[in-house]
Amino acid sequence: IADSSDATAITIDSSERIGIGVTPERQLHVEGSGAEISLVDTQRTSNSRTANMFIDSSNRANLRMMNDAMDSAAVGVQFDSSGRVTMPNQPTFRVGRLTDYTHTAGQNIQWNHGHFNVGSHFNTASTYVFTAPVAGVYWFQATVIIRAVANGTNLYDALRFRINGAVNGYSSRRGVYNTTSMSHGYFVDEIADAYQLSANDTVGISCEHNVSIHGNNLYTRFNGFLVG
């Protein structure tokens with residue numbers, strides 16, 4: 001099948017292999033500068049119904065969704081020449097606390113620093129929660145340092161996961177702060193778990209005691225990501 005120039009556009013050989021811009025060496029073989037394969041579902045009414053596969057300038061194979069105008073796209077999956085798979089837009093975050101602050105029992109910890117926040121699904125301005133953009137299984141982990149703790153202070157179940165505001169998990173330590181070397185000190189607690197979330201579910205971490213949270217974003221931090 002020839003196009004309007006003198007070149008053969010589509011070739012079907014005796015083995016029923018199809019070549020576009022090339023003599024086919026595989027069942028479907030597409031070749032050319034900027035070659036791209038599109039799959040379009042015309043029954044979809046949304047403005048994101050085109051799936052494209054292409055090779056980028058870094059020699060990575062890409063799968064992406066495009067809008068109807070073909071001028072906006074989000075790369076979904078990338079495969080490099082070594083077979084490594086990445087998902088550049090996978091919801092992922094790591095946030096921390098920059099400064100000491102007085103925490104009110106039962107409230108979400110106020111994470112005010114974003115190390116990274118892919119997709120901007122974590123709110124460090126007011127609510128201090130992660131909002132799930134899609135349904136799936138997510139993993140979360142946090143470490144929190146409580147400072148200026150008086151000897152004998154009860155810090156049982158200090159940290160709690162809150163899903164849509166409701167308690168849904170407890171931290172790993174159950175203890176009373178005791179020291180023989182100083183009158184006040186640091187108490188470190190950690191919490192981690194996996195959750196199956198629906199789209200728009202929120203996840204925060206509360207502390208159930210009136211305490212002073214230590215502001216060091218390399219210690220006091222919260223991270224999570226979509227597993228799938």
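In this chain, residues are counted from 1 in sequence order.
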Checklist entry - In a check of side chain to side chain donor-acceptor pair (under 3.5 Å) between Gln141 and each of Arg94, Arg221, Glu190, which one passes? => result Glu190
Checklist outcome for this item: Of Tyr138, Trp139, Phe122, Phe222, the one forming a ring pair (Phe, Tyr, Trp, His ring centres under 6.0 Å) with Phe130 is Tyr138
Item to check | Arg84: partners by salt bridge (Lys or Arg N to Asp or Glu O under 4.0 Å), with sequence neighbours left out | outcome: Asp80
Within the 4.5 Å heavy-atom criterion, are [X] and [Y] side-chain neighbours or not?
{"X": "Gln90", "Y": "Val118", "result": "no"}
{"X": "Asp189", "Y": "Leu155", "result": "no"}
{"X": "Arg17", "Y": "His29", "result": "no"}
{"X": "Val211", "Y": "Ile213", "result": "yes"}
{"X": "Thr143", "Y": "Thr220", "result": "no"}
{"X": "Arg162", "Y": "Val167", "result": "yes"}
{"X": "Asn112", "Y": "Arg97", "result": "yes"}
{"X": "Asn223", "Y": "Val95", "result": "no"}

Kindly check if the number of other-residue, nucleotide or ligand heavy atoms within 6.0 Å of [atom1] ([X]) is above 12?
{"X": "Gln27", "atom1": "CD", "answer": "yes"}
{"X": "Leu98", "atom1": "CG", "answer": "yes"}
{"X": "Tyr219", "atom1": "OH", "answer": "no"}
{"X": "Tyr170", "atom1": "OH", "answer": "no"}

Checklist entry - Has the side chain of Asn117 got a donor or acceptor atom that lies under 3.5 Å from a matching backbone atom of Phe93? => result no
Find the distance between [atom1] ([X]) and [atom2] ([Y]) and round it off to the nearest 0.5 Å.
{"X": "Thr23", "Y": "Asp13", "atom1": "OG1", "atom2": "CG", "answer": "8.5 Å"}
{"X": "Leu197", "Y": "Leu226", "atom1": "CG", "atom2": "CG", "answer": "9.0 Å"}
{"X": "Thr104", "Y": "Asn210", "atom1": "OG1", "atom2": "CG", "answer": "6.0 Å"}
{"X": "Asp157", "Y": "Glu208", "atom1": "CG", "atom2": "CD", "answer": "8.5 Å"}
{"X": "His115", "Y": "Thr124", "atom1": "NE2", "atom2": "OG1", "answer": "11.0 Å"}
{"X": "Ile146", "Y": "Asp100", "atom1": "CD1", "atom2": "CG", "answer": "12.5 Å"}

Same cluster for [X] and [Y] if Ile/Leu/Val/Met/Phe/Trp/Tyr side chains link at under 4.5 Å?
{"X": "Met53", "Y": "Val30", "value": "yes"}
{"X": "Met87", "Y": "Val137", "value": "no"}
{"X": "Ile191", "Y": "Val227", "value": "no"}
{"X": "Ile163", "Y": "Ile109", "value": "yes"}
{"X": "Ile145", "Y": "Leu218", "value": "no"}

Checklist entry - Should the pair Tyr195 and Phe161 be assigned to parallel (<30°), tilted (30 to 60°) or perpendicular (>60°) ring geometry? => result perpendicular
Next on the checklist: The test is side-chain contact (heavy atoms from CB on, under 4.5 Å); show your working for Val85 and Val77 and say whether it passes.
Outcome noted: CA-CA 7 Å; Val85 180; Val77 182; 3.7 Å; yes
Checklist entry - Cut-off 3.5 Å, side chains only: do Ser206 and Arg160 have a donor facing an acceptor? => result no
Provide the closest heavy-atom pair for [X] versus [Y] in the form atom of the first, atom of the second, distance.
{"X": "Ala158", "Y": "His209", "result": "CA-CD2, 3.7 Å"}
{"X": "Gly165", "Y": "Thr202", "result": "N-OG1, 4.4 Å"}
{"X": "Pro133", "Y": "Ala199", "result": "O-CB, 3.9 Å"}
{"X": "Arg147", "Y": "Tyr186", "result": "CB-CE2, 3.6 Å"}
{"X": "Ala142", "Y": "Ile205", "result": "CB-CD1, 3.2 Å"}
{"X": "Cys207", "Y": "Leu159", "result": "CB-CD2, 4.3 Å"}

Item to check | Option from Asn108, Asp201, Asn164 for which side chain to side chain contact (heavy atoms under 4.5 Å, CB included) with Val129 holds | outcome: Asn108
